[in-house]
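Just so we're on the same page: letters track the sequence lines, and every chain starts at 1.
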Amino acid sequence: MGLAEIRELIKPVIKEVDFSYLSGKVVALDAFNALYQFLAAIRQPDGTPLKDSKGRITSHLSGLFYRTKNLIEYGIKVIYVFDGKHPEFKKKEQELREEQRKKMEEKYKKAIEMGIKGDLKKYAEFTSKLEFNMVDESKELLEAMGVPYVQAPSEGEAQAAYLVKKGIADYVGSQDYDSLLFGGLRVARNLTISGKRKVRGVEVDINPEIAELNDILNYLKLDYKKLIWFALIVGTDYNPDGIPGIGVKTAYELVKNNNDPEKLFKYVGWDKYYKEISWKELEEFFEDPPVIEINKEDIKFGEVNEEKIRKILIDEHDFSEDRVNKAIEELKNAYRKGSQKNILSFFGK
DNA sequence: CCCAGCGA
DNA sequence: TCGCTGGGG
């Protein structure tokens, strides 16, 4: 959904927290979302990503390894959720994104040719492409780190929302708030990005922010179905344009004052703009998306395979042995502390 | 994004 | 301990 605008609307119920707030909590992280962020952000000033001696990109592995280790050190229990096959009706949005990516790639290449240094990194950030093998090695690395992951049959955001609904996870971790539309009860942002953000010229740390579906609904005085209608009017990944000419404010007023979706979508002229898909199909998709059933017992945290980590990062991809070994020790320590904490809470201490 | 090293 | 810089792969 049009995140920037909706954030504005629900700002009062978004809570800024620090990482320790999430200590002891289980977070289902949107893996593709995180990997794209690492690919975009982990670059040299000229825009080139990190590569091993064979020229293979390693930015995603670096980000995944160190960031995940840090989250675990905060006491956060991380589950990664990988996207499966996108629904047919997401094609438009995907083509749009691919087009934009290619445009940026052109701009980036041209800037290099012409020797323009200033904007190189900015362009490069949008050229990232997540390849199949990157996904596979990311899963392998997570396994070696003792971090569980779930392969979604369809949308990762939907699977992550399911994990929260079922009580297996406490939060969906993603930069998008889309999982709220899938009924995800709690969402946490800014878990995989960090660094500084400029506010009125002053640099401040970016902190995690969390939002709860129930708070949002109470605040907006909408029910869950109406939130979906609202999103469909302003635009989602499946109908990126929303209803042209209707903005956030109008859409909000419309759904608040209409209880009959048939009338509502007739009024805004849905059928004019979307011939291939009905609002009802999309509503059903959000309410009951394809997910795989998971039980709490299926999720295992904390079995580190040091040798495998070293094989992937040091042997295969030329990471610094010292840094990796140090991080492995920190990871093991974090797990030890975590399990001690579990035992203490088990005895009520 | 991350870390290591440095000087304050 | 902190903020900054340069390099990581």
Atom CD1 of A:I57 and atom P of B:dC2: how far apart are they, to the nearest Å?
19 Å
Between A:K226 and A:N258: side-chain donor-acceptor atoms closer than 3.5 Å
no
In whole Å, I'd like the distance from the CD atom of A:E330 to the P atom of B:dC2.
13 Å
Scan A:T58 against the nucleic acid and name what it touches under 4.0 Å (heavy atoms): base, sugar-phosphate only, or nothing.
sugar-phosphate
Within the 3.5 Å criterion, strictly below it, is a donor on A:Y335 or A:E303 matched to an acceptor on the partner's side chain?
no
Within residues 28-41 of chain A: residues closer than 4.0 Å to DNA chain C (heavy atoms):
none
Pair A:R43-A:S128, side-chain donor/acceptor within less than 3.5 Å
yes
Consider only side-chain N and O atoms of A:N70 and A:R67, and report whether a donor and an acceptor are under 3.5 Å apart.
no
Mind calculating the distance between NE2 (A:H60) and P (B:dC2) to the nearest angstrom?
16 Å
Would you jot down, in residue-number order, the residues of residues 302-318 of chain A having a non-hydrogen atom under 4.0 Å from DNA chain C?
A:H317, A:D318
Are there over 12 heavy-atom neighbours, none belonging to A:K110, within less than 6.0 Å of that residue's NZ?
no
Is NZ or CZ of A:K139 both nearer than 6.0 Å to the six-membered ring centre of A:F82 and within 45° of the ring axis?
yes
Gap between atoms CG and P, on A:L331 and B:dC2 respectively (whole Å):
15 Å
Pair A:Q175, A:N33: side-chain N/O donor-acceptor within cut-off below 3.5 Å
no
Check whether any side-chain nitrogen or oxygen of A:K54 sits under 4.0 Å from OP1 or OP2 of C:dG9, and answer yes or no.
no
Protein-nucleotide distance (A:F319, atom CZ; B:dC3, atom C1'), rounded to Å
12 Å
Under 3.5 Å side-chain donor-acceptor pair for A:E93 and A:H86:
no
Between C1' of C:dG8 and NZ of A:K121, the distance in whole Å
12 Å
Distance-only polar pair, side chains of A:S138 and A:Y149, donor-acceptor under 3.5 Å
no
Proximity to the side chain of A:K69 - top-ranked nucleotide from B:dC3, C:dG8, B:dC2
B:dC3
Should A:Y274 and A:L282 count as side-chain neighbours, where that means a heavy-atom distance under 4.5 Å?
no
Does a donor on one side chain and an acceptor on the other come within less than 3.5 Å for A:E281 and A:Y238?
no
Atom CD of A:E73 to atom P of B:dC2: distance rounded to whole Å?
12 Å
Value in whole Å for how far the P atom of B:dC3 lies from CD of A:E329
15 Å
Protein-nucleotides 4-6 of chain B N/O pairs closer than 3.5 Å?
residue, atom, partner, partner atom, Å
B:dA4, OP2, A:K326, NZ, 3.1

